[in-house]
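A short write-up of the structure that comes next.
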Amino acid sequence: MTIVHTLQTVAIESLQALYNQSFTEKDFQVSQTKPEFEGNYTVVLFSLVKSLKKSPEVLGNELGEKLIKDHPGVFSKYNVIKGFLNLTITDNYLLDLLNKNYNDVSFGKHAINGKRMMVEYSSPNTNKPLHLGHLRNNFLGWSVAEILKANGYDVIKTCIVNDRGIHICKSMIAWQLFGNGETPESTGEKGDHLVGKYYVRFNDEYKKQVEELISKGISKDEAEKQAPLMQAAQQMLLDWENHKPEVIALWNKMNGWVYDGFDVTYKRIGSDFDKTYYESKTYLLGKDFVQEGLQKGILFKKEDGSVWIDLTDEGLDEKLLLRSDGTSVYMTQDIGLAKQKYEEYKPGKSIYVIGDEQNYHMKVLKLVCKKLGMPFADGIYHLSYGMVELPTGKMKSREGTVVDADDMVDEMIATAKHHTEELGKVKDFESHELQELYKTLGLGAMKFYLLRVDPKKRMVFNPEESIDFHGFTGPFVQYTYARIQSVLRKAGQWSKDNRQSQTDPELLPLEKELILTLEQYSQIIEQASTELNPSVIANYIFHLAKTFNSFYTEHSIANAENEEKKQLRLHIATMTANVIKSSMQLLGIKVPERM
RNA sequence: GGACCGGUAGCUCAGUUGGAUAGAGCAUCAGCCUUCUAAGCUGAGGGUCAUUGGUUCGAAUCCAAUCCGGUUCACCA
């Protein structure tokens, strides 16, 4: 049990004993004591004052007195200032915690709870390579899955590949017309980049055709419809749906190039999935429930044959579910897929990591499923994240003004190399070890940068500022870890003298602060899970690393004042390293043994 | 126009669900390497928490209105 939980429980018991009134954890707050006051944890008394009809001073003193008397192993001192009861945790409690857990690599993680969660993320289109926005999505999805696992959930990671549709046909048409038979092999270009190039090419040429038509006096709307390229793309989509062999063959070939490219990128950034769904295989799902919904009177048909759902009671609009020609729309497919996912895996909750531009869509999806009486409706959760923007404005993949994911990774790794060489600390490293280190640092910096911000906030990505390796960054944390490992390696050589100390040493302020911070890890994991927010972890690790660095400069570990202190500090350092490694893992970031 | 999200230091962000004198990083300035990794540490300056009103012992946090920015409201996906 964590200190905060213990304090809550014990305080409730004491209040019951003292005043014969029962309270719950929500009736009063427990927080960390502000540094300017004495103590470690604080009970805020104001909310109790009313129901107990006592002054905060009297209440604080009576409660403080009782807590110390009944639990001398946990609390050593108290003081009351205004409505705040500040309690000091005993050194023995913390030393005991340290001794029990310093070498436990799964400290802070929670036991398996038997519940299943699905996390859907990444969801790429196969007409272009991954960009910076996808990176935020991938890192978020991966990290949330890891955080849920650490809380005891059984997690299924899924990906829905948008491998069909007009946008794919655009790349295909452009390649047919302008490609001269280019392949990844012939050009040496990564498959997804090659296909993306033709997607941009399509839009360039299309724009020219539209302008030409407009100059001939045709209206803009009309020109956009009549442009030969667009007509060709639409014809191709029809041919695809009719399984025309040449089109299917081309589609298979070009998608294959893209998948090869994605595999390289995913492997590099450390993304993977337990189950991949392909839209080409699922887009026809969901039509059956429309019939059912019509029969039950939940859906209605308009004169032209299109099928709708009325959401005006909920303050929303009417929403289309089947076109007048009987084909399904995005929403219908999504409902079908949601149902399939549920039937296959029966998750208690299904988390969709999707950008906030789809907030409305996801809200409607959940509502429609609910109206249709789908059992999984309540489990649908949209983990919405803000767009990643550049200082120059929004990224537009149609115009090719995106930060490409592969380029970004290359740049981060190159920067890691540059910084490392400049510091000149790695002269004895093997070449393969160096390559590994640059990758660890570069990717670590990027993941940390994208995950340290609250997901729902949109963020500006400044390429120059983002590769700063100082301060609140991944490499700062990685450096702290490598530093501890270095100390531990050397300490192991110096001394095998492990004699047990008779008297426990008294903790110095920084030692105490560090152990208290380490103790909070389990609660942080819990909080990150309930909020589905990796930035909680990132902020915690940074705080922990910073606290350790202060401790490190202030107190010598190897040359401690005496043998007891040395052992104590080695334990603290070991546990700090374990928690850093474990928490960075939750963000998908590796830590180097030396750097 | 309706709905949803955001506005905190020059910049990028925290702020424990209503608590004590609002905190970090970057940038600026001043210090610290003959001792465990200086990618580090210590300190200084920098704030009308968008604005106004309300709720109460107490508001960056809750409510209302206003201003600014964003997203969305397709027989596109």
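- In this structure, A/Leu316 atom CG and B/U72 atom P are separated by 16 Å, rounded to whole Å.
- Searching all strands for a Watson-Crick or G-U wobble partner of B/C29 with both distances below 3.5 Å returns B/G43.
- The base of B/A20 sits within donor-acceptor range of the side chain of A/Thr42, with an N or O pair under 3.5 Å.
- The distance from atom CZ of A/Phe28 to atom P of B/C57 is 21 Å, rounded to the nearest whole Å.
- Between B/C36 and B/C26, the distance separating the two P atoms is 24 Å to the nearest Å.
- You'll find a donor-acceptor pair under 3.5 Å spanning the side chain of A/Asn86 and the base of B/A20, going by distance alone.
- Closest to the side chain of A/Ser31, out of B/U37, B/U16, B/A39, is B/U16.
- Nucleotide B/U61 is shown with an anti base, its glycosidic torsion being more than 90° from 0.
- In summary, the aromatic rings of A/Tyr521 and A/Tyr540 are positioned with their centroids under 6.0 Å apart.
- Picking from B/A20, B/A39, B/C36 the nucleotide with the shortest atom distance to the side chain of A/Phe37 gives B/A20.
- OP1 or OP2 of B/A38 sits under 4.0 Å from a side-chain N or O of A/Arg483.
- The side chain of A/Arg323 lies closest to B/C76, out of B/A20, B/C76, B/C73.
- Between B/U12 and A/Lys457, no contact under 4.0 Å exists linking OP1 or OP2 to a side-chain N or O.
- Looking at the side chain of A/Gln358, the nearest of the listed nucleotides B/A77, B/A20, B/C57 is B/A77.
- With rounding to whole Å, A/Asn549 atom CG is found 12 Å from B/G25 atom P.
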